[in-house]
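Notes for the one structure printed next.
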Protein chains: 2
Amino acid sequence: MCETVSRDVTETTTEQLCARPPGRPRSERAEKAIIEATLDLLVEEAGVAGVSIEAVAARAGVGKTTIYRRWPNKEALIVDALATLKAPLPEPAGRSVREDLIALARAVHSGRGDRRVDCLWNIIGSWHKHPELVRKLRRDVIEPRREVMRGVLRRGIETGEVRPDLDIEVALPMIAGAMTMQVQGLAPDEDLPDDVAERVVDTALRGLAP
Amino acid sequence: MCETVSRDVTETTTEQLCARPPGRPRSERAEKAIIEATLDLLVEEAGVAGVSIEAVAARAGVGKTTIYRRWPNKEALIVDALATLKAPLPEPAGRSVREDLIALARAVHSGRGDRRVDCLWNIIGSWHKHPELVRKLRRDVIEPRREVMRGVLRRGIETGEVRPDLDIEVALPMIAGAMTMQVQGLAPDEDLPDDVAERVVDTALRGLAP
DNA sequence: TCAATACGAAACGCACCCGTATCGTAAATT
DNA sequence: AATTTACGATACGGGTGCGTTTCGTATTGA
């Protein structure tokens with residue numbers, strides 16, 4: 001497999017590039033536990049400030065050494081932790097614009113309970129303090145998803161399901177924003193009705209005017 | 001005026017209720033500076049965790065004593081600071097639904113640069129850690145504004161400007177969410193086009209479908 | 001003038017966290 | 001078996017913030 005190895009390899013000789021370094025290999029289990037703990041704390045402790053290496057280590061059941069061996073500091077750890085939120089990118093079925101939009105909207109909805117939405121929310125609010133982190137997050141996580149929805153709408157214009165003069169860049173945040181607001185507008189223990197996604201998409205498609 | 005006085009008064013005698021307590025009165029100037037510093041830090045330091053009493057005191061040019069004399073702890077201070085964000089509640093002109101919605105949407109837009117939006121964003125993300133704070137914020141700041149927009153839409157249904165079967169509770173977060181997403185989707189130094197509010201409202205009114 | 005209170009500054013003990021170093025032990029290659 | 005590296009645990013010096021206390025000074029009413 002020859003995966004991983006962020007360790008310094010410096011393959012100076014003509015050896016095979018896949019040479020496994022000597023000594024005990026790093027524990028994948030520990031690495032995963034660290035990432036999980038980081039994401040948990042990011043949500044529970046309300047942002048980057050609430051994540052301390054000591055707390056991550058304690059929660060992951062890991063020594064601080066094990067963290068510092070992999071990441072130089074908190075920021076780097078959080079960047080890597082957020083990167084794991086990227087996948088999976090939703091793939092529209094392509095049967096109809098309405099169905100695809102509902103599926104995408106539902107992906108936001110199902111993100112509730114999941115950590116994803118909370119992480120994003122907590123971090124995006126901190127662009128004043130951590131601009132590069134937020135930029136990375138927008139580029140790697142948010143924008144790809146916007147691009148998917150953008151594709152759906154563009155295809156809709158071609159098939160005639162969407163009016164050709166639609167301002168797509170306004171429509172995107174309208175649907176995403178409506179879902180996010182609904183999701184975040186409630187207390188963590190409340191439940192959202194099952195058909196929010198349908199209602200949002202149908203309202204958006206139909207418009208407010210008579 | 002007989003305003004303020006959170007000090008313990010215990011007017012046991014038959015004296016006038018407005019009796020001013022003896023000694024040097026508390027400085028209004030200091031109080032305002034403290035609130036301002038708190039709000040600033042709430043934005044710049046990305047949330048409740050970033051607000052430390054020591055930092056507030058330093059920024060406000062005030063001794064810690066002066067803060068602890070007024071508030072028992074950080075949470076209470078933040079609650080009071082947020083309360084000052086309540087006013088002013090936007091008042092729709094009532095000429096047309098479109099105009100009113102645009103005015104309301106623009107209020108979000110103009111909140112950019114202002115601290116308001118950033119404060120809300122930062123704090124709402126922390127409902128896991130500070131549920132009571134978030135609840136208060138929603139009740140005192142957000143819900144009144146939703147109610148205004150709700151009123152506009154209801155009136156629109158009566159006048160025929162809005163279709164009578166509209167799901168108002170979906171329409172609200174659609175417009176508000178679209179504005180928020182647009183505002184927060186950009187870097188702090190970028191500028192939003194002047195007509196975002198119009199475009200959002202018009203897109204919402206018209207709908208996506210042909 | 002006197003008593004009462006607020007002010008800013010400084011220091012307190014306590015707790016948390018940083019990033020590093022040092023343990024003895026565990027798991028790989030040779 | 002010997003070597004190499006990772007592991008968790010623990011301790012370190014240094015920093016920051018908490019909430020309290022103690023200063024000397026300033027500002028009010030009586």
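Chain A is the first sequence line, chain B the second, and so forth, proteins listed ahead of strands; every chain is numbered from 1. Here the structure is a predicted model, which means the values were calculated and not measured.
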With respect to Ile67(A), which candidate in Asn73(A), Ile53(A), Thr38(A) satisfies the side chain to side chain contact (heavy atoms under 4.5 Å, CB included) definition?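 Of Asn73(A), Ile53(A), Thr38(A), side chain to side chain contact (heavy atoms under 4.5 Å, CB included) with Ile67(A) is met by Ile53(A) alone.
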Val141(A), Asp140(A), Ile123(A) screened by side chain to side chain contact (heavy atoms under 4.5 Å, CB included) with Leu82(A), the one that passes: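 Among Val141(A), Asp140(A), Ile123(A), the one meeting side chain to side chain contact (heavy atoms under 4.5 Å, CB included) with Leu82(A) is Ile123(A).
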Would you kindly give the [atom1]-to-[atom2] distance between [X] and [N], to the nearest whole Å?
{"X": "Lys74(B)", "N": "dA15(C)", "atom1": "NZ", "atom2": "C1'", "result": "14 Å"}
{"X": "Glu75(A)", "N": "dG19(C)", "atom1": "CD", "atom2": "P", "result": "10 Å"}
{"X": "Arg26(B)", "N": "dA4(C)", "atom1": "CZ", "atom2": "C1'", "result": "13 Å"}
{"X": "Glu28(A)", "N": "dA6(D)", "atom1": "CD", "atom2": "C1'", "result": "14 Å"}
{"X": "Glu31(A)", "N": "dT5(D)", "atom1": "CD", "atom2": "P", "result": "18 Å"}
{"X": "Leu77(B)", "N": "dC18(D)", "atom1": "CG", "atom2": "P", "result": "10 Å"}
{"X": "Trp71(A)", "N": "dA6(D)", "atom1": "CH2", "atom2": "P", "result": "14 Å"}
{"X": "Ile67(A)", "N": "dA6(D)", "atom1": "CD1", "atom2": "P", "result": "15 Å"}

Under 3.5 Å, is there a donor-acceptor pair between the side chain of [X] and the main chain of [Y]?
{"X": "Asp100(A)", "Y": "Ala93(A)", "value": "yes"}
{"X": "Ser126(B)", "Y": "Lys129(B)", "value": "no"}
{"X": "Lys64(A)", "Y": "Ala57(A)", "value": "no"}

Identify, residue by residue, the members of residues 47-56 of chain A with a heavy atom below 4.0 Å from DNA chain C, and return them in order of residue number, or none.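 Nucleic-acid contacts, sorted: Ser52(A), Ile53(A), Glu54(A).
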Smallest separation among heavy atoms of [X] and [Y], with atom names:
{"X": "Pro144(A)", "Y": "Arg138(A)", "value": "CD-O, 4.2 Å"}
{"X": "Gly125(B)", "Y": "Asn122(A)", "value": "O-OD1, 2.7 Å"}
{"X": "His128(B)", "Y": "Pro131(B)", "value": "O-CD, 4.0 Å"}
{"X": "Val79(B)", "Y": "Leu133(B)", "value": "CG2-CD1, 3.2 Å"}

Where the side chain of Arg69(B) is concerned, which of dC7(D), dC18(D), dA6(C) is the nearest nucleotide?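 For Arg69(B), the side-chain atoms sit closest to dA6(C).
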Report the nucleotide, chosen from dC7(D), dG8(D), dG8(C), that has the shortest atom-to-atom distance to any side-chain atom of Thr66(B).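 Between dC7(D), dG8(D), dG8(C), the one nearest the side chain of Thr66(B) would be dG8(C).
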Polar atoms only, N or O, under 3.5 Å: list the protein pairs with nucleotides 21-30 of chain C and their distances.
residue : atom : partner  : partner atom : Å
dA26(C) : N3   : Arg24(A) : NH1          : 3.2

